[in-house]
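Note sheet for the following structure.
It should be emphasised that the depicted structure is a prediction, and the values quoted were computed from it without experimental measurement.
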Amino acid sequence: MFTKFFHSLREKGLHVTLGEFLTLQDALSQNLCGSSLTQFYYVARMILVKSETDYDKFDMAFEECFKAAEHEREITSQMMRWLDKSDLQELADEEARAQLNELEDLQVHMDKEEVEQKFRERLRDQDSEHNGGSFWIGSMGKTSFGNSGGNVGGLRVGGKTGHQSAFAVIGERKYRDFRDDRVLDNRQFQMAFRKLRQFSSRLDIPETELDINGTVDKTCNNGGCLQIVMQKPRKNAVKLLLLMDSGGTMIPYSSLLNDLFQAVHKSNHYKDVKSYYFHNCIYSKLYKTPECENGDWIDTDWMFRNLDSDYKVLIVGDAAMAPEELYSDTGNYRGPNGGLSGWEWLNLVKKHYKKVVWLNPKMAPGHAPWREAETAVKGLFPMYKLTVDGLNQAMVKLMVNK
């Protein structure tokens, strides 16, 4: 069992060394966990996990190796895929609300033990996905087992809470949001953008800030008599240009882009911030709003003339465009090309600005031949997955001096 636990941790991506695992064995031999599985969980996590970003991986390995031996409510990865209806959550919520009053009147409430017994029976017998029904483990139905349905009470399996009435939740991963490979939310954007700071004291402003190191040196050199030294306050010298793909295949990521936009403009970390939008690829016009309406734009050439090369450029898009949209000088079906192809405009961006990175919310691994445009863009700009880890890497790339 413990050998399986070690290999499971490694398979989930945790960098557990043999020495750390031997330390855990030593803790067990000294009876630090007693006979408590819960105590073993916390001791093992304390010894084996180095960062809270790995808590979710640890929980999955622990669940796989130990919880299944404790009870019969183990949920397979196949079952969790069947129950994942996150893309239909809004529709499911509407249907559940419409059914709720009717179900509260008609539903026969089973006690907890009876529900768990029936759940084990369904889990043993079910061999396919079910949605909208009233018997099997599924979603958007009236069954007591699953998620996103109209049932009051029962067992929620995966998904999000609806009426907050389930008496137990199975397959819940409390530390999913701590992972460094998950897609970002607003707070994580703000934390990552703090890395994109470059202070300067070379501004022509009064010396109004206490220079602690200078004061200590002057005081020491003055025989211990206090000698105050002031300095110019440091100001963030970073200028940021944010270019975001909007519409089409980026529609599922609209909320994510809004979080990114809000995080940038609320951070107060930058000397200047400019934000513009494009559709699929950068051409001769950049839009002022995410609606990308014709006429509500600026010339890309104007951006080159007015936003100097010191701006750090963050391009966000899925690069999911047809090859002709990238390579043809008539590939922009939403507006003018300006006589150049999207590829040529992207090269002008790279030529003009010293620091450019591309963030992609659904980046394919490696050089995917079925994503020709994305592969081409990867060869032009450093591209990172739009996750916590990816954004952190992008910020570091923007700040390096070479």
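Ile212 CD1: 12 or fewer foreign heavy atoms inside a 6.0 Å radius.
Residues Glu374 and Asp318 approach most closely at OE1-O, 3.9 Å, considering heavy atoms. When every heavy atom of Tyr277 is checked against every heavy atom of Cys292, the shortest pair comes out as CB-SG, 4.2 Å.
Rounded to the nearest 0.5 angstrom, Lys362 NZ and Lys385 NZ are separated by 11.0 Å. For the atom pair NE2 (His352) and CE (Met303), the distance works out to 7.0 Å, reported to the nearest 0.5 Å. Interatomic distance, CD1 of Ile47 versus CD of Gln25, reported as 9.5 Å (0.5 Å rounding). A distance of 8.0 Å separates CG of Asn392 from CE of Met395, quoted to the nearest 0.5 Å. With rounding to the nearest 0.5 angstrom, the NZ atom of Lys355 is 6.5 Å from the NZ atom of Lys312. We find the CG-OG distance between Asn337 and Ser328 to be 7.0 Å, quoted to the nearest 0.5 Å.
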Passes side-chain contact (heavy atoms from CB on, under 4.5 Å), Tyr283 versus Thr300? Steps please. CA-CA 7 Å; Tyr283 298 107; Thr300 307; over 6 Å; no

For this session: Run the numbers on Glu63 and Lys12 for salt bridge (Lys or Arg N to Asp or Glu O under 4.0 Å), then give the verdict.
Result: CA-CA 12 Å; Glu63 181 79 16; Lys12 296 293 187 293; over 6 Å; no

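Shown here are the ring-ring contact (aromatic ring centres under 6.0 Å, His included) partners of Phe6, two or more places apart in sequence or in another chain: Phe21. Partners of Tyr287 by ring-ring contact (aromatic ring centres under 6.0 Å, His included), not counting sequence neighbours, listed by chain and number: Trp297.
Of the charged side-chain nitrogens involved, at least one lies within less than 4.0 Å of a carboxylate oxygen, so that Asp272 and Lys274 count as a salt-bridged pair.
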Quiz: residues 319-327 side-chain donor-acceptor pairs under 3.5 angstrom, not counting sequence neighbours:
residue : atom : partner : partner atom : Å
Glu325  : OE1  : Asn280  : ND2          : 2.6
Glu325  : OE2  : Ala322  : N            : 2.9

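A donor-acceptor contact shorter than 3.5 Å is absent between the side chain of Asp299 and the backbone of Trp302.
Figure legend: cation-pi geometry between Arg45 and Phe62 absent, as NZ or CZ is not positioned both under 6.0 Å from the six-membered ring centre and within 45° of its axis.
There is a side-chain donor-acceptor pair under 3.5 Å between Ser8 and Glu64.
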